[in-house]
Amino acid sequence: MSLLQPAETKGILSIRWDDARKEMGPDAISLSVADMDYRAPQPIVDAVTERAAIGNYCYTYWDDEYYDSVISWFKQRHDWIISKEEIVPVGRMVESLPAILRECVGTGANVVVPYPAYSPTPVGVRAAGCNVIPWGLKFDEVSGRYEFDFESLPFLLADAKALVITNPHNPSGRVWTREELTRIAQIAKSAGTLVISDEFHMDLTYPGHDFCPYLTCVDKGDPAISFTAPGKTFNVAGLETANIIVRNPQLREHVRKAIDDAGCHNPRYFARAVTVAGYGQCGPWLDELLSQVAQRLSTLESTVASIPGVRVVKPEGTYLAWIDFRATGLDDEEIDQALKRQKLSLDPGIEFGNGGSGFMRINLAVPASIFDEAMRRLAKAFE
């Protein structure tokens with residue numbers, strides 16, 4: 001029996017599905033937003049249900065079993081050795097990033113962000129009172145692969161206090177190599193720049209593309225932070241549990257102060273249950289998910305191959321794919337409307353800022369019954 005079970009999408013106040021149905025009708029298909037259409041693993045459901053049944057929804061704290069589950073998962077899945085002291089548990093990155101930037105680099109600082117960018121990142125930078133400095137990724141038109149523009153990075157960091165990257169990259173799906181991350185670390189160290197690596201999709205990679213934690217590419221004293229979470233891994237983002245990893249002790253104290261000052265000094269009530277169950281029992285569920293996502297990608301590539309002027313930027317990680325519509329000659333509004341006439345919703349590339357025009361992002365963590373119909377609509381939209 002499959003460990004993956006389709007998730008309910010109706011009557012749950014889902015931003016992704018409800019917005020699409022309000023706009024296009026009850027039979028709309030939404031493959032936007034990075035939520036899965038699979039139920040969370042049963043051990044997590046059981047742990048959350050048991051926790052909910054207690055009925056005393058008190059302030060709580062993190063215990064040794066919580067920390068041990070994080071440490072064990074990182075070692076087993078990524079050969080990444082961390083200590084309890086290096087972990088700063090939080091709820092969400094979007095609330096933590098502005099607090100950390102205000103504490104560690106100060107308002108008014110310049111913060112470099114690679115583009116196209118996961119949209120909450122620049123929003124979080126601006127919420128801290130900092131300035132977003134776009135760092136455009138290079139797109140190789142022949143290979144269809146994104147690369148860092150290392151030639152421009154020293155110039156940008158010379159006048160910046162921080163750099164925020166996503167690894168694996170959202171929306172393109174690039175999994176940055178150890179060589180690439182080490183080069184960033186060297187340039188950032190020379191500039192004295194704080195590097196924050198958003199690694200929420202760390203567990204979601206394709207065969208042949210291993211996730212490399214940014215902190216394994218820097219010296220222990222270098223100013224560097226990694227954001228990690230089980231949310232994307234197990235489809236529990238709405239339960240809000242995450243971990244900031246900071247090796248530098250002085251920087252870690254600043255991060256703790258920032259989190260405390262932001263009022264995030266207690267975990268969400270279900271954080272421990274989700275994390276311990278997910279990291280402790282749900283590896284097989286994740287392995288099956290990755291297999292299913294690979295099948296969806298294959299179906300997408302087959303569908304797109306029949307549409308003139310459209311290609312898939314082959315992802316190396318995440319359960320998202322980046323589709324290139326530029327050669328169709330259609331503008332962003334025309335692409336979006338062609339899809340919506342078929343009652344199909346994707347994430348417009350322009351929502352990811354510079355470099356996103358002419359692209360769309362699609363969610364692959366979807367059962368075949370939904371995805372196959374979505375592919376029929378995608379092909380029909382560009383007949």
Side-chain angles (χ1 to χ4, degrees), residues 34 70 73-74 77-82 86-87 90 92-94 96-97 100-101 111-122 124-125 134-139 145-150 153 156-157 162-189 193-219 222-233 237 242-247 286 290 293 313-322 352-353 355 361:
V70 177
W73 180 264
F74 286 7
R77 302 292 295 204
H78 306 293
D79 197 26
W80 184 12
I81 308 300
I82 64 169
E86 294 170 343
I87 304 172
V90 292
R92 303 182 67 190
M93 178 184 173
V94 291
S96 304
L97 178 61
I100 290 171
L101 289 174
V111 178
V112 175
V113 177
Y115 273 79
Y118 172 58
S119 55
T121 299
V125 172
W135 178 30
L137 296 174
K138 296 191 297 185
F139 184 66
R145 197 166 189 251
Y146 281 89
E147 306 285 349
F148 285 126
D149 181 6
F150 286 110
L153 186 58
L156 294 175
L157 293 189
L163 164 65
V164 184
I165 64 173
T166 55
N167 175 33
H169 181 251
N170 182 6
S172 75
R174 259 306 312 272
V175 175
W176 306 116
T177 65
R178 179 169 298 278
E179 291 72 23
E180 289 170 315
L181 295 173
T182 298
R183 191 168 179 186
I184 284 181
Q186 292 169 342
I187 296 171
K189 186 170 186 174
T193 304
L194 169 67
V195 178
I196 300 174
S197 182
D198 169 2
E199 299 176 348
F200 274 32
H201 292 267
M202 62 189 286
D203 297 315
L204 302 156
T205 60
Y206 290 88
H209 300 284
D210 294 329
F211 165 75
C212 176
Y214 179 75
L215 290 182
T216 65
C217 301
V218 305
D219 295 329
D222 292 350
I225 296 169
S226 286
F227 278 103
T228 72
K232 300 301 181 187
T233 304
N243 294 287
I244 307 172
I245 314 301
V246 194
R247 298 178 67 198
L286 174 60
L290 294 174
V293 169
V313 177
K314 193 175 185 68
E316 300 169 352
T318 79
Y319 54 78
L320 308 164
W322 193 232
F352 300 87
R361 193 189 73 172

Look up atom [atom1] in [X] and atom [atom2] in [Y], then write down how far apart they are to the nearest 0.5 Å.
{"X": "Cys212", "Y": "Leu181", "atom1": "SG", "atom2": "CG", "value": "5.0 Å"}
{"X": "His169", "Y": "Tyr118", "atom1": "NE2", "atom2": "OH", "value": "12.0 Å"}
{"X": "Phe74", "Y": "Ile245", "atom1": "CZ", "atom2": "CD1", "value": "4.5 Å"}
{"X": "Tyr214", "Y": "Thr182", "atom1": "OH", "atom2": "OG1", "value": "8.5 Å"}
{"X": "Thr193", "Y": "Leu153", "atom1": "OG1", "atom2": "CG", "value": "8.0 Å"}
{"X": "Glu316", "Y": "Trp176", "atom1": "CD", "atom2": "CH2", "value": "8.5 Å"}

Min side-chain heavy-atom separation [X]-[Y] under 4.5 Å:
{"X": "His201", "Y": "Thr166", "value": "no"}
{"X": "Asp203", "Y": "Lys232", "value": "no"}
{"X": "Asn170", "Y": "Thr121", "value": "no"}
{"X": "Val94", "Y": "Leu97", "value": "no"}
{"X": "Leu286", "Y": "Leu204", "value": "yes"}
{"X": "Arg174", "Y": "Leu137", "value": "no"}
{"X": "Tyr206", "Y": "Val175", "value": "no"}

I'd like to know if the side chain of [X] and the backbone of [Y] have a donor-acceptor N/O pair within less than 3.5 Å.
{"X": "Arg361", "Y": "Phe352", "value": "no"}
{"X": "Trp322", "Y": "Pro315", "value": "no"}
{"X": "Thr228", "Y": "Glu199", "value": "no"}
{"X": "Tyr319", "Y": "Ala34", "value": "yes"}

If you take all heavy atoms of [X] and [Y], which pair is closest and at what distance?
{"X": "Ile225", "Y": "Ile100", "result": "CD1-CG2, 3.9 Å"}
{"X": "Met93", "Y": "Phe200", "result": "CB-CZ, 3.7 Å"}
{"X": "Pro114", "Y": "Leu163", "result": "CD-CD1, 4.3 Å"}
{"X": "Thr318", "Y": "Val293", "result": "O-CG1, 4.5 Å"}
{"X": "Pro116", "Y": "Pro171", "result": "O-CD, 3.8 Å"}
{"X": "Ser172", "Y": "Tyr146", "result": "CB-CD1, 3.4 Å"}

**Prompt:** Looking at Phe150, does the NZ or CZ of Arg183 lie under 6.0 angstrom from its six-membered ring centre and within 45 degrees of the ring axis?
**Reply:**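 Yes.
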**Asked** Would the number of heavy atoms belonging to other residues, nucleotides or ligands and lying under 6.0 Å from CZ of Arg92 be above 12?
**Response**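 No, the 6.0 Å shell around CZ holds no more than 12 heavy atoms from other groups.
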